[in-house]
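Here is the structure we will look at.
Here is how names work: the chains are called A, B, and so on, in the same order as the sequence lines, proteins then strands, and each is numbered from 1.
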2 protein chains.
Amino acid sequence: MLTERKRQILRAIIDDYVIHAEPVGSRYLVDKYKLGVSSATVRNEMSELEELGYLEKPHTSAGRVPSDKGYRAYIDLLLDLKPVSQTDQDKIESFFNDHMNEVTDLVRQSANVLSEQTNFPSLVISPRYSDTSLEQIKILMIEPGKALVVVVLSPGIVKDRMIRIPHEIKQDDLHLISRIIEQKLSGQKLDQITLITISAAAEDVPVPEALLNQVLFEAYVSIKQAENIELYIQGTHRLLNHPEFQELTLARSFLDTIHQEGIVAGYMSEWESMNADLELTETNNPEEIEQLERTRREQPYLKENPSYMVRIGQEITLKGLEECSFITAAYKITNKITGRIGVIGPRRMEYGNIISQINFINYTLDQQIMELASGYDRKEDINGKEKEEQA
Amino acid sequence: MLTERKRQILRAIIDDYVIHAEPVGSRYLVDKYKLGVSSATVRNEMSELEELGYLEKPHTSAGRVPSDKGYRAYIDLLLDLKPVSQTDQDKIESFFNDHMNEVTDLVRQSANVLSEQTNFPSLVISPRYSDTSLEQIKILMIEPGKALVVVVLSPGIVKDRMIRIPHEIKQDDLHLISRIIEQKLSGQKLDQITLITISAAAEDVPVPEALLNQVLFEAYVSIKQAENIELYIQGTHRLLNHPEFQELTLARSFLDTIHQEGIVAGYMSEWESMNADLELTETNNPEEIEQLERTRREQPYLKENPSYMVRIGQEITLKGLEECSFITAAYKITNKITGRIGVIGPRRMEYGNIISQINFINYTLDQQIMELASGYDRKEDINGKEKEEQA
DNA sequence: TTTGGCACTCGGAGTTAACGAGTGCTAAAA
DNA sequence: TTTTAGCACTCGTTAACTCCGAGTGCCAAA
């Protein structure tokens with residue numbers, strides 16, 4: 001059972017450890033945090049906190065260090081989310097300039113900012129586009145033998161890809177092909193489009209079948225490629241700035257894991273489909289549960305920003321990252337289509353600050369995406385009338 | 001003056017040091033490399049090599065370590081370039097698959113292979129496109145307010161960019177605009193195209209000026225963006241695999257420098273405009289010079305592959321990288337338009353092997369680019385007749 | 001010119017001792 | 001019942017010291 005004083009002590013220990021990276025002792029604690037009791041009292045409390053699983057001792061004669069459970073409780077119960085400073089807000093906003101007209105750029109840029117603001121490596125995954133639908137497909141002749149396929153997905157996402165085509169194919173053929181595919185398939189979910197559907201759609205096009213098939217195949221690949229989940233990792237080098245990675249065997253296993261793109265991407269995207277946070281610390285003390293729930297209700301940020309998620313230490317089920325924490329938030333392209341942006345680092349993180357930063361960056365990113373979607377809208381424009389001209 | 005025996009000893013020392021990363025002593029050397037003389041003799045030779053500047057002592061009672069000049073001599077005089085093993089060749093070739101239809105992809109992929117093959121971080125810069133010319137520009141309506149600008153440069157390079165446009169603009173307008181820009185500006189060098197030239201070119205287009213100007217501006221930005229030099233860095237994490245970077249202060253300063261994109265890109269691209277390698281070791285002994293030159297003439301790889309370049313230690317003028325070596329080769333998109341691909345790591349490198357690898361990868365990349373440029377050419381294709389249909 | 005011999009250097013590994021921050025426990029005080 | 005002062009004990013860290021051995025430089029003999 002966490003009494004108020006225990007919480008206070010737990011918070012103080014974590015706050016301090018997070019900054020200094022050294023086990024914190026009872027004497028130091030009362031001195032520095034004016035706890036108003038003697039070190040002996042604190043020692044007793046700490047001993048109990050340890051028994052409850054919130055703290056650990058590196059060895060007998062050292063101070064205490066938070067455990068996974070300790071961090072978890074800190075985040076769920078004790079977290080004090082301060083607003084991001086105006087300076088930081090300005091800095092973050094200034095990173096997004098007006099020349100970024102693609103969601104991809106915005107998202108990648110967010111990863112940059114996030115890494116820079118937090119001094120940790122950042123990760124972003126693109127949304128899962130497979131259940132969005134095809135809106136347009138254009139095939140643009142670049143030169144004989146070479147064309148550009150432009151695929152537009154329903155939320156306004158544009159992807160393109162160079163293809164090689166038979167020399168015999170003319171611009172008009174491409175036009176025809178793409179128009180007919182678009183006519184027949186636009187509106188279909190991406191994951192329902194197959195080579196067969198496409199071939200069927202274009203069967204009447206008056207182009208020799210051998211040539212046609214090659215173009216269709218490339219078009220198909222382009223569509224499939226559009227639904228690939230993309231992962232960006234930024235700022236891995238900042239890892240070395242943190243003392244837990246002086247031990248370069250750790251740093252190495254971290255980097256090795258992180259660079260196996262598939263693994264992390266898989267993990268994150270699987271995660272994305274969940275929408276509830278982990279259950280809190282496992283406890284079957286009803287009183288404690290009640291208290292946790294109450295606190296949760298009272299933490300406004302959890303309501304205002306239900307999108308952030310924290311995984312601590314063992315909660316991350318990827319080998320090589322058991323000593324890490326992973327903080328992410330979901331950004332949205334539409335209400336249904338969301339990706340995830342986050343940082344990863346040692347468990348010893350300034351959770352409050354980092355969560356605030358990530359929330360704010362995420363918020364800004366959402367804004368930017370919305371603004372993008374809302375179309376051209378410059379200040380110097382006379383945009384009194386709103387147009388609804390659909391093609 | 002480097003006698004044959006001195007060379008032999010220098011080579012042995014470097015060969016050994018490069019592998020074991022430990023100062024090599026005289027006794028060990030005669031044992032292992034069967035030099036056929038006593039350790040005392042070798043000691044004398046080593047002492048002289050040190051006086052000549054080819055070797056250094058970490059401290060009195062340690063063995064010798066190569067100096068920058070030592071490595072330089074090794075590369076210029078002693079290098080033994082073995083062909084890349086068949087296994088490696090196969091591996092490298094298998095990295096390039098048939099679905100990469102853009103030079104950018106090929107180049108980036110080369111960086112991956114290179115890093116993987118050498119176990120060092122790799123760097124690539126794109127060519128300087130500013131003195132290539134504009135070939136095509138297309139503006140494709142995606143939806144009201146949003147369009148895709150596709151810029152094709154003379155060597156067949158395609159770049160595109162989303163832009164936002166006034167809602168009033170229609171597909172036909174875009175067509176008109178892009179066609180007229182293309183008509184008037186195609187063939188012009190990129191760096192001669194300015195906002196003014198573009199505006200002048202499009203002055204007769206029957207679109208309200210305010211709207212037109214916005215589109216022109218975006219088109220201009222797109223063209224300018226196409227000439228940006230791009231830099232890719234891959235595999236920085238492999239740095240930690242090398243003992244010189246255990247000292248993470250080194251690793252950090254390295255990574256910090258490398259991640260200041262502007263700096264390295266600037267350095268590499270400036271370098272690209274040079275086409276001669278550094279002068280050899282500074283010596284004014286005419287005999288020595290003569291010998292160096294002769295050796296150089298006799299090193300066939302320097303002739304066959306004049307494109308690779310090595311910078312060792314202090315020869316790199318970027319702060320933070322004084323302890324590194326930088327090996328690069330020039331890949332070509334056309335004979336005039338070249339970029340650079342390379343690896344960077346500690347001075348202690350297996351130069352012979354790495355240069356071979358880089359040469360081979362570079363060669364493969366050139367092949368792939370050529371093949372791309374030659375257009376569609378599948379095996380199952382009946383490509384008996386060669387077409388020359390220009391648009 | 002080469003080589004065996006020998007004194008000398010110096011970093012690294014291992015040992016020991018002192019230090020001190022921190023704990024746990026007990027008994028007295030509040 | 002809770003808090004606190006006191007004290008013995010633990011244990012990692014640091015510094016000083018020693019020893020070892022790989023390696024050098026130099027000299028005198030081959």
field: A:S47 side chain to A:R43 backbone, donor-acceptor under 3.5 Å
entry: no
task: Using atom types as modelled and distance alone, determine if a side-chain donor or acceptor of A:T328 lies under 3.5 Å from a backbone N or O of A:G342.
output: no
Could you check which of [options] has an atom nearest any side-chain atom of [X]?
X: B:R64; options: C:dC10, D:dT3, D:dT24; value: D:dT24
X: B:V37; options: C:dG24, D:dG25, C:dT3; value: C:dT3
X: B:R43; options: D:dT24, D:dT4, C:dT3; value: D:dT24
X: B:A40; options: D:dA5, C:dG4, C:dG22; value: C:dG4
X: B:R5; options: C:dT2, D:dT3, C:dT3; value: C:dT2
X: A:S47; options: C:dT23, C:dG24, C:dA21; value: C:dG24
X: B:S61; options: C:dT2, D:dG23, D:dT3; value: D:dG23

message: Does B:Y33 form a side chain to side chain donor-acceptor pair (under 3.5 Å) with B:D15? I'd like the steps, not just the answer.
response: CA-CA 10 Å; B:Y33 292 85; B:D15 282 344; 5.9 Å; no
How many whole angstroms separate atom [atom1] of [X] from atom [atom2] of [N]?
X: A:I9; N: D:dT3; atom1: CD1; atom2: P; answer: 10 Å
X: B:N44; N: D:dG23; atom1: CG; atom2: C1'; answer: 14 Å
X: B:E56; N: D:dT24; atom1: CD; atom2: P; answer: 15 Å
X: A:L49; N: C:dG22; atom1: CG; atom2: P; answer: 17 Å
X: A:E45; N: D:dT4; atom1: CD; atom2: P; answer: 11 Å
X: A:E48; N: D:dT2; atom1: CD; atom2: P; answer: 10 Å

Given [N], is OP1 or OP2 found less than 4.0 Å from the side-chain N or O atoms of [X]?
X: A:T41; N: D:dT4; value: yes
X: B:T60; N: C:dC10; value: yes
X: A:K57; N: C:dG24; value: yes

- request: Flag the pair A:F120 / A:H242 as yes when their ring centroid distance falls below 6.0 Å, and as no otherwise.
  value: yes
- prompt: If you look at every heavy atom in A:R252 and B:N241, which pair is closest and at what distance?
  reply: CD-OD1, 3.1 Å
task: Please work out which residues in residues 10-33 of chain A have a non-hydrogen atom less than 4.0 Å from an atom of DNA chain D and list them by number.
output: none
message: Using the rule given for side chain to side chain donor-acceptor pair (under 3.5 Å), can you reason through A:R311 versus A:S325, listing the C-alpha separation, both sets of side-chain angles and the distance that settles it, and then say yes or no?
response: CA-CA 6 Å; A:R311 285 290 175 279; A:S325 278; over 6 Å; no
- request: Decide yes or no for B:Y54 and B:I13: does some side-chain heavy atom of the first lie under 4.5 Å from some side-chain heavy atom of the second?
  value: no
